[in-house]
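The chains referred to below are lettered A, B, ... by the order of the sequence lines, with proteins before strands, and numbering in each begins at 1.
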Protein chains: 2
Amino acid sequence: MSTLAVAMCLPAIFDVTVGNPDWQVFALAAALTLFIGVMLVLMTRGDVRNISIRQAFVLTTVVWVVIPSFAALPLAFADLKLSYTDAFFEAMSGLTTTGSTVMLGLDFTPPGILLWRALLQWLGGIGIIAMAIAILPLLQVGGMQLFRMESSDTSDKVMPRTTQIVTYISVLYLALTGLCALLYWFGGMSGFDAITHAMTTIATGGFSNHDASIGFFKSPVIDATATVFMVIGGMPFVLYLQAIRGAPARLIRDSQVRWFLVIVFMSIIIMWFYRAGVVEDSALARLRSVAFNVVSVITGTGYATEDYSAWGPFAVSAMFFLMFVGGCAGSTTCGIKIFRFQVLYATAKNQMHRLLQPHGVFIPYYNHRPIPESVTESVMGFFFLYALAFAVIAMCLGLLGLDFLTAASGAATAISNVGPGLGPRIGPSGTFATLPDTAKWLLSFGMLLGRLELFTVLVLLVPSFWRK
Amino acid sequence: MSTLAVAMCLPAIFDVTVGNPDWQVFALAAALTLFIGVMLVLMTRGDVRNISIRQAFVLTTVVWVVIPSFAALPLAFADLKLSYTDAFFEAMSGLTTTGSTVMLGLDFTPPGILLWRALLQWLGGIGIIAMAIAILPLLQVGGMQLFRMESSDTSDKVMPRTTQIVTYISVLYLALTGLCALLYWFGGMSGFDAITHAMTTIATGGFSNHDASIGFFKSPVIDATATVFMVIGGMPFVLYLQAIRGAPARLIRDSQVRWFLVIVFMSIIIMWFYRAGVVEDSALARLRSVAFNVVSVITGTGYATEDYSAWGPFAVSAMFFLMFVGGCAGSTTCGIKIFRFQVLYATAKNQMHRLLQPHGVFIPYYNHRPIPESVTESVMGFFFLYALAFAVIAMCLGLLGLDFLTAASGAATAISNVGPGLGPRIGPSGTFATLPDTAKWLLSFGMLLGRLELFTVLVLLVPSFWRK
């Protein structure tokens with residue numbers, strides 16, 4: 001909370017320097033947040049030696065509900081005509097790096113607010129990387145224990161402690177943001193746009209300062225930069241660290257990275273051919289547009305250069321399913337994630353072999369190592385719950401009166417933290433503003449569910465969790 | 001093939017008695033099919049002692065491709081203006097008890113053809129029950145081995161051999177069809193309509209002799225009869241046999257049956273309340289309509305009394321997801337099936353417990369017995385492949401130019417063997433006739449895939465299957 005309060009001072013300072021009255025809003029929100037934060041610190045002083053697994057689950061979920069509640073304050077207080085529901089939706093969408101927005105007229109929105117939105121995504125991005133390294137593998141949710149082994153294996157050799165890894169990665173995250181901003185600026189963005197968009201690119205968040213998103217700039221350099229940095233944001237940051245520390249081969253040899261790049265590449269190729277039959281433009285212009293928007297959907301960034309939901313029937317179906325893919329574990333992306341597809345594929349292949357030789361012994365492999373039974377089960381349980389959560393949210397959205405495409409893509413975009421949905425209403429050319437309030441709360445819950453890898457939240461709903 | 005040829009004689013005889021020239025078509029098709037059938041018998045004479053698992057997989061799939069190819073002949077030869085593609089689609093849709101149709105103007109279609117369509121579904125229905133008892137548990141596809149244990153357990157005590165069980169069940173199937181026909185006739189159907197509709201009801205197939213499906217009759221008795229017999233068709237036939245043989249409690253105590261009835265009941269209640277807010281009619285009339293159409297979708301029958309895809313946004317989303325549910329294993333229904341949801345639910349619950357007590361030992365249960373690890377994996381693999389196959393088919397349909405709702409519901413309805421899709425084109429008030437030929441072949445493949453529980457077909461696509 002105190003960190004959040006400090007973060008709120010940034011837009012406040014910025015607003016003061018450009019002479020925008022919004023600085024008062026941020027100062028007020030910061031004061032309130034800091035007050036509560038400091039009070040909590042004082043109340044809970046004393047050394048915490050051990051927290052139980054139960055407490056860790058509660059703490060993680062509560063933090064991800066409380067922080068957006070306060071992060072929404074500047075948006076609610078400012079003169080944006082946003083209800084608290086809207087503000088909470090926007091803050092949750094920011095911190096979970098989703099990028100769905102209820103704000104229209106971004107081009108005329110005060111810069112402090114725009115900076116705040118970008119900051120939320122940027123903090124959410126590094127927050128989730130830290131969680132994926134430090135917390136999720138310990139909680140063993142959805143097969144993330146696979147990365148406990150790996151990171152503990154390498155950390156023994158390369159780095160002594162998790163906090164140190166997280167610190168190094170934060171520096172790297174900052175450096176990548178700077179590099180991205182520089183390239184954006186070089187591509188023609190203003191300094192402000194370059195910095196804020198770099199923040200939301202590396203976080204695969206997708207908030208933009210313009211209603212037309214990245215399409216506003218109409219610059220090939222900017223499109224290419226965004227495409228590359230979205231892909232960078234979708235890969236495991238730990239491997240970058242290892243690459244810098246002298247093991248660049250690890251990055252290329254990592255099977256998750258390979259699959260990710262192959263899936264991205266194949267999707268672009270297929271969509272490129274499909275578009276060739278629909279529109280008449282140069283092969284390069286088509287590649288630029290297709291690569292950008294496909295990468296944006298797969299990584300769950302949610303930028304757009306055009307309304308791809310108007311690209312024709314195949315594009316709608318394909319983009320819908322691509323929303324679920326996501327990037328690598330340990331990146332800023334959400335979705336089902338590549339390693340889970342690898343585990344599912346390995347298990348399914350294994351079963352085919354077992355069907356043919358019922359008494360044979362077959363072991364599924366991930367990254368050249370056998371997958372422990374517990375990981376297979378976790379991943380499969382995750383996949384089932386993902387499908388179930390998607391279906392339930394989509395049906396509830398239907399109950400609230402949304403048509404099938406809006407309901408289905410809305411549920412998918414929330415749980416996979418993508419950003420825009422499909423269709424005229426919540427697609428890349430629309431916003432979530434017109435949805436009923438209940439739908440906004442439901443989608444916010446979906447974002448939280450997806451961001452915390454389902455189990456972290458769902459385990460709190462099991463009655464036996466609260467017993468004894 | 002020879003059985004099929006004999007079956008073709010039935011509509012031929014019927015057409016002769018009513019003086020319809022179509023008898024020649026059936027006689028010709030029967031002669032051709034019988035010729036090939038007898039030739040095959042002669043060619044493969046000699047005693048087959050053992051067939052390997054590989055051969056069993058090939059045989060099962062080949063049979064389910066060859067039979068529809070010949071069953072399509074009468075439809076292609078008759079004066080219906082159907083291409084062979086259309087005829088094959090219709091035959092596959094019949095034999096897999098799907099019930100998607102490409103034929104419009106059913107009310108004016110010669111009775112021999114209508115009888116043939118009903119016969120296909122009826123034979124397909126008993127065929128799949130026999131397969132679920134005799135073949136699938138041995139092939140261990142998608143967790144069906146769960147029912148090998150159970151049936152072998154009971155067969156030791158109650159009945160000596162699988163063939164005997166299948167014979168008894170066939171008699172029961174015939175009796176239930178007769179009873180259903182009687183009630184239909186009592187409800188106001190003509191003798192012909194009563195018999196054919198009884199055949200497609202008990203098979204949860206859904207072909208009707210009228211474009212307006214069961215809605216044509218506008219009879220509460222007929223609607224109620226259909227609703228009850230669709231539910232009967234969705235439960236395990238083995239348990240009926242045990243119920244008759246003095247263990248009626250088994251039927252009620254079976255956890256799959258209980259879950260099935262609860263899901264059906266809950267879905268009806270929810271939809272009933274939803275409809276109450278949308279239309280103004282009596283509670284009973286609404287119950288009649290909702291119960292009928294919800295049961296029709298869950299069991300994958302595919303009858304309709306009205307176009308439920310025009311019931312509003314929630315109905316579309318809900319019906320879409322209900323398509324995947326299906327009935328019990330060992331019934332005539334398709335879809336993911338209740339026992340798989342039970343296994344998935346038990347495993348997910350188990351994992352939640354394991355998250356809280358990482359060193360605890362938790363065992364998922366099905367029907368009061370621990371679920372073997374291999375079954376859990378099979379079921380989860382099945383679920384993943386089901387989702388994957390659905391996504392691939394839906395995307396391919398998008399590529400063929402179908403809009404999102406048509407593509408998604410078309411893929412779902414094919415793989416789950418439901419019948420109609422959603423939306424104006426392939427929904428309950430439309431037909432599949434206007435789809436491109438490629439889409440019809442793709443959907444036929446989807447029906448086959450769903451009917452043979454995915455693995456039986458997919459295993460043939462694994463390269464190592466054909467090695468050595």
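Ranking F455(B), F314(B), F57(B) against chain A, the residue ahead of the rest is F314(B), based on heavy-atom pairs under 4.5 Å. The most heavy-atom pairs under 4.5 Å with chain B, out of I53(A), L399(A), V316(A), come from L399(A). Per-residue counts of heavy-atom pairs under 4.5 Å with chain B were compared for A394(A), G398(A), A315(A), A408(A); the largest is that of G398(A). Among A387(A), A407(A), G381(A), the residue making the largest number of heavy-atom pairs under 4.5 Å with chain B is G381(A). Among L344(A), L402(A), I270(A), the residue with the largest count of heavy-atom pairs under 4.5 Å with chain B is L344(A).
Nearest heavy-atom pair, L139(A) versus L355(B), reported as atom, atom and distance to 0.1 Å: O-CD2, 3.2 Å.
In F362(B), the CZ atom is crowded: over 12 heavy atoms of neighbouring residues, nucleotides or ligands sit closer than 6.0 Å.
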Item to check | Working for side-chain contact (heavy atoms from CB on, under 4.5 Å), residues L405(A) and L405(B) | outcome: CA-CA 7 Å; L405(A) 181 60; L405(B) 182 60; over 6 Å; no

Between chain A and chain B: donor-acceptor pairs at under 3.5 Å:
residue, atom, partner, partner atom, Å
F314(A), N, G398(B), O, 3.3
Q351(A), NE2, E377(B), O, 2.6
E377(A), O, Q351(B), NE2, 2.6
G398(A), O, F314(B), N, 3.3

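Contact of V462(B) with chain A is made through the side chain alone, with heavy-atom distances under 4.5 Å. Residue contact with chain B, scored on non-hydrogen atoms closer than 4.5 Å, involves the backbone and the side chain of L458(A) alike. Contacts of F321(A) with chain B are made by side-chain atoms alone, with heavy-atom separations under 4.5 Å and no backbone atom involved. Proximity to chain B is absent for every atom of V379(A), based on heavy atoms less than 4.5 angstrom apart.
Between the CE atom in M380(B) and the CZ atom in F383(A) there is a gap of 11.0 Å [rounded to 0.5 Å].
Between F341(A) and F384(B), the ring planes lie tilted relative to each other; the angle falls in the 30° to 60° range.
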